[in-house]
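Below: the structure, in structure tokens.
Source: prediction; values computed, not measured. So you know, we letter chains A, B, ... as the sequences are listed, proteins then strands, and number each from 1.
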There are 2 protein chains.
Amino acid sequence: MNEMRSTTPLIDAEAARRYAAWFRALADPTRVRLLHLLAMEGRPMAVGEIVERAGVGQSTVSHHLKILAEVRFVLAERQGTSTRYEVNRTCLAVFPAAVRTILGEAPAGEGSDGGR
Amino acid sequence: MNEMRSTTPLIDAEAARRYAAWFRALADPTRVRLLHLLAMEGRPMAVGEIVERAGVGQSTVSHHLKILAEVRFVLAERQGTSTRYEVNRTCLAVFPAAVRTILGEAPAGEGSDGGR
DNA sequence: ATCGACCATCGACGATAATCGATGAAAGGC
DNA sequence: GCCTTTCATCGATTATCGTCGATGGTCGAT
């Protein structure tokens with residue numbers, strides 16, 4: 001019982017959920033800082049190394065890295081007993097495109113998904 | 001008890017919270033749809049008019065409009081007994097700038113705040 | 001002054017999310 | 001084999017969020 005009455009061509013519910021999910025991935029200060037740390041280092045970093053600088057517990061860091069990885073804002077690579085995370089700049093390009101679509105300035109459609 | 005150990009020049013906690021707040025404003029499908037509706041109409045709309053097309057209750061719409069207004073993504077204007085909301089495209093320009101700053105590609109500093 | 005239309009706010013509820021400590025699982029070194 | 005290191009996952013706790021119905025406040029008209 002929850003559809004837009006929609007005489008006008010509006011974003012459908014699924015697209016709205018997809019866009020919201022992207023924004024939600026960066027809707028937490030800890031994740032913003034983790035992403036920025038990885039970007040500034042510019043190299044794959046081990047989780048323990050990240051934890052040393054994050055100011056939050058190891059399980060918390062792991063949790064947030066997982067969320068960032070699910071939307072491909074970071075990439076994970078196992079290396080022996082360690083896991084290296086690095087920033088994935090390509091996928092972060094979705095934001096300008098998403099904003100343009102929401103504002104109706106985009107050619108609609110999927111937009112640059114960044115190679116998901 | 002929660003600071004980055006920060007030998008490297010990282011985003012400070014306050015900046016991270018500010019960026020996260022911007023992303024959080026669009027981290028909900030209903031807000032994405034409301035913003036898109038306002039953008040497609042391209043004119044100030046009364047709340048009742050928005051409610052007719054939003055598929056959620058009046059108080060819910062009012063709640064979300066308030067959140068969008070707090071970050072200036074929409075602007076409110078009382079007109080008699082009614083309140084008109086319209087999209088504020090200028091402030092939505094913060095996203096490309098925010099992403100560049102988080103990725104360390106920005107000229108640092110405040111970035112285009114959009115005239116807040 | 002009263003009424004009606006319009007919208008914001010309140011209170012409550014369920015759902016989701018952030019954080020932590022503890023436990024578990026995989027890989028390497030002994 | 002066993003122990004250590006490294007990380008992911010689990011369980012619990014607390015806080016935040018989305019939604020609703022109901023109430024309250026403001027303005028215009030009668």
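- Between A/Phe95 and A/Phe73, the distance separating the two ring centers is shorter than 6.0 angstrom.
- OP1 or OP2 of D/dT5 has not a single side-chain nitrogen or oxygen of A/Ser82 nearer than 4.0 Å.
- In this structure, the CG atom of B/Leu65 is 13 Å from the P atom of D/dG18, given to the nearest Å.
- Inter-residue side-chain proximity for A/Leu75 and A/Tyr85 is flagged as unmet; no heavy-atom pair is nearer than 4.5 Å.
- Spacing between atom NE2 of B/His63 and atom C1' of D/dT16 amounts to 11 Å, rounded to whole angstrom units.
- Across the protein-nucleic acid pair, B/Phe23 atom CZ and C/dA18 atom P stand 15 Å apart, rounded to whole Å.
- In terms of modelled atom types and a separation under 3.5 Å, the side chain of A/Arg31 and the main chain of A/Ala25 share a donor-acceptor contact.
- Out of C/dA22, C/dA17, C/dA8, the shortest distance to the side chain of A/Arg24 is found at C/dA17.
- Distances shown here put a side-chain N or O of B/Arg31 below 4.0 Å from the OP1 or OP2 atom of D/dG18.
- One interatomic measurement links the two molecules: CD of B/Gln58 to C1' of C/dC10, which rounds to 13 Å at whole-angstrom precision.
- Atom-to-atom, CD of B/Gln79 to P of C/dC7 comes out at 11 Å; the value is rounded to the nearest Å.
- Side-chain N/O atoms of B/Lys66 include none lying less than 4.0 angstrom from OP1 or OP2 on C/dC7.
- A salt bridge links A/Glu49 and A/Arg43; the closest N-O separation between the charged side-chain nitrogens and carboxylate oxygens is under 4.0 Å.
- Note on B/Ser62: a side-chain N or O is less than 4.0 Å away from OP1 or OP2 of C/dA8.
- Residue A/Thr60 places at least one side-chain N or O closer than 4.0 Å to OP1 or OP2 of C/dC20.
- Checking D/dA8, D/dT19, C/dC20 against every side-chain atom of A/Val56, the shortest atom distance belongs to C/dC20.
- Between A/Ile67 atom CD1 and C/dT19 atom C1' there is a gap of 12 Å when expressed in whole angstrom units.
- For A/Ser59, counting side-chain heavy atoms from C-beta on, the closest listed nucleotide (D/dC10, C/dT19, C/dA8) is D/dC10.
- Rounded to whole Å, the distance from NE2 on A/His64 to C1' on D/dT9 is 15 Å.
- Salt-bridge check for B/Glu41 with B/Arg53: passed, with a basic side-chain N closer than 4.0 Å to an acidic carboxylate O.
- More than 12 heavy atoms of other residues, nucleotides or ligands sit less than 6.0 Å from atom CZ of B/Arg89.
- Rounded to a whole Å, the CD atom of B/Glu77 is 15 Å from the P atom of D/dC27.
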What does the list of N/O pairs under 3.5 Å between the protein and nucleotides 24-29 of chain C look like, with a distance for each?
none

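- The minimum heavy-atom distance between A/Ile102 and B/Ala39, with the atom names listed, is O-CB, 3.7 Å.
- Residue B/Tyr85 has no polar side-chain atom (N or O) positioned under 4.0 Å from OP1 or OP2 of C/dC6.
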